[in-house]
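Here is the structure we will look at.
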Amino acid sequence: MSNSKIAIITGGSRGIGRNTVLCLARRGVRSIFTYNSNSAEADKVVAMAAEAGVRAIALQLDTGNVGAFGGFVGHVRQALAELEAERFDYLVNNAGISSDAGLETITEAEMDALYNVHFKGVLFLTQRLLPLMNDGGRIVNISSGLARSSMPNRIGYGPIKAAVEALTRYMAFELGPRRIAANVVAPGAIATDFSGGIVRDNPQVNKMVADHTALGRAGAPDDVGPVIAALLSDDFGWVNAQRIEVAGGVQI
């Protein structure tokens, strides 16, 4: 087992991140994943990965706190040693926060928080982890359908995700000599606890999403995790610098 691939996934204790850890586990890929505050949920993911026969290690990290990344890399080195490895193969920048502000209500502090987690955090965590990444590895950054189409009260979130998509193309360009591919997965509205569980728990919002989606329902983590896991595999080895929307055909 020590020769199997290793993924690092941010925000792996819940939602799409957790589903990705478990989808990778079923493919025999071990994971080092982060959680922000809920260690109990992280422990559950470790246990579920073990049930699939694969080791997963949970590490605490606030991905919006760039100053913590140096210490985090040290913890990653220790986790890799526990997995009898020195390097990892895949990076999924998934951790995120939401915002329901519009143009007239968003504050500078709210915009800074979105920028720190979704853009600055993705850029500098990737930078810090690159020395530990195997050549020929793969990166998946998570964007959103809101980078393509507009909805009310997403003036901060949608544009910052569009910036992530541009960042990913630049990653693919610069990492080409190391044969590291970088792609974007852009989920539509997914029924999780993200953004206060608004899609999952609000029947009106859920119906609105379903009514605007060609396949007739809101998405679920099970719709997205398998796509991320597949995109990391050798089957998609020649796919690079691409945006793949996983949204059931929303607002087409």
Side-chain angles (χ1 to χ4, degrees), residues 1-2 4-65 68-69 71-85 88-98 117-118 121-122 125 129 138-142 144 185 187-202 206 217-233 246:
M1 194 51 148
S2 61
S4 66
K5 302 287 190 180
I6 298 172
I8 295 179
I9 299 142
T10 64
S13 63
R14 61 188 181 90
I16 291 170
R18 175 171 65 184
N19 194 274
T20 301
V21 172
L22 299 179
C23 285
L24 288 171
R26 289 191 284 271
R27 290 170 172 259
V29 177
R30 298 169 293 167
S31 292
I32 300 167
F33 70 90
T34 74
Y35 66 94
N36 186 18
S37 58
N38 197 331
S39 59
E41 286 300 309
D43 290 343
K44 290 179 185 177
V45 178
V46 171
M48 286 187 282
E51 289 175 5
V54 170
R55 179 87 183 274
I57 296 174
L59 299 177
Q60 194 280 329
L61 180 68
D62 174 359
T63 56
N65 180 9
F69 290 175
F72 175 72
V73 170
H75 294 313
V76 169
R77 290 183 185 275
Q78 294 171 8
L80 287 171
E82 290 183 41
L83 298 174
E84 300 179 10
F88 70 98
D89 304 280
Y90 310 133
L91 175 61
V92 181
N93 287 302
N94 164 76
I97 59 173
S98 184
V117 171
H118 291 284
V122 170
L125 185 60
L129 289 173
R138 298 183 69 80
I139 297 170
V140 171
N141 295 327
I142 305 302
S144 168
V185 167
I190 306 297
T192 69
D193 63 358
F194 190 70
S195 194
I198 188 169
V199 176
R200 182 190 64 191
D201 301 334
N202 186 313
N206 194 288
R217 63 172 175 83
D222 280 339
D223 296 316
V224 185
V227 177
I228 298 170
L231 193 55
L232 293 174
S233 73
V246 187

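For Ala56 against Val46, the heavy-atom pair with the smallest separation is O-CG1, 3.5 Å. The minimum heavy-atom distance between Pro226 and Asn19, with the atom names listed, is CD-OD1, 3.5 Å. For the residue pair Val54 and Ala25, the shortest heavy atom distance occurs at CG2-O, 3.2 Å. In terms of heavy-atom proximity, Ala95 sits nearest to Thr10 at N-OG1, 2.9 Å. Annotation for Arg138 and Leu231: closest pair NE-O, 2.7 Å, computed over non-hydrogen atoms. Closest non-hydrogen pair, Gly121 versus Phe69, comes out as O-CE1, 3.6 Å.
Using a 4.5 Å cut-off on side-chain heavy atoms (C-beta onward), Ile142 and Val224 make no contact. The closest side-chain heavy-atom distance from Gln60 to Thr34 is not below 4.5 Å. Val92 places a side-chain heavy atom less than 4.5 Å from the side chain of Leu232. Taking 4.5 Å as the limit, every side-chain heavy atom of Ile228 sits out of range of all side-chain heavy atoms of Ile9. Under the 4.5 Å side-chain criterion, counting only non-hydrogen atoms from C-beta, His118 is in contact with Ile97. At a threshold of 4.5 Å between non-hydrogen side-chain atoms, the residues Val45 and Phe33 count as touching.
Residues passing the side-chain contact (heavy atoms from CB on, under 4.5 Å) test with Ala229, sequence neighbours excluded: Cys23, Leu24, Arg27.
Rounding to the nearest 0.5 Å gives a distance of 13.5 Å between NZ of Lys44 and CZ of Arg14. Atoms CG and CD1, on Asp222 and Ile16 in that order, are 11.0 Å from each other to the nearest 0.5 Å. For the atom pair Ile32 CD1 and Ile57 CD1, the distance stands at 5.5 Å (nearest 0.5 Å). One distance of note links CD of Glu51 with CG of Leu22; it measures 9.0 Å at 0.5 Å rounding. Interatomic distance, CD1 of Ile8 versus CG of Leu91, reported as 6.5 Å (0.5 Å rounding).
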*Show your reasoning for whether side chain to side chain contact (heavy atoms under 4.5 Å, CB included) applies to Leu125 and Leu61.*
CA-CA 11 Å; Leu125 185 60; Leu61 180 68; 4.2 Å; yes

*Would Val29 and Tyr90 count as a side chain to side chain contact (heavy atoms under 4.5 Å, CB included) if you check the C-alpha gap in whole Å, the side-chain angles of each, and the deciding distance to 0.1 Å?*
CA-CA 10 Å; Val29 177; Tyr90 310 133; 4.1 Å; yes

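Although no hydrogens or angles enter the test, the distance criterion places no donor-acceptor pair under 3.5 Å between the side chain of Asp62 and the main chain of Asn36.
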Could you list the donor-acceptor pairs under 3.5 angstrom formed by side chains in residues 71-83, with sequence neighbours left out?
unit_1	atom_1	unit_2	atom_2	d
Glu82	OE1	Arg55	NH2	2.7

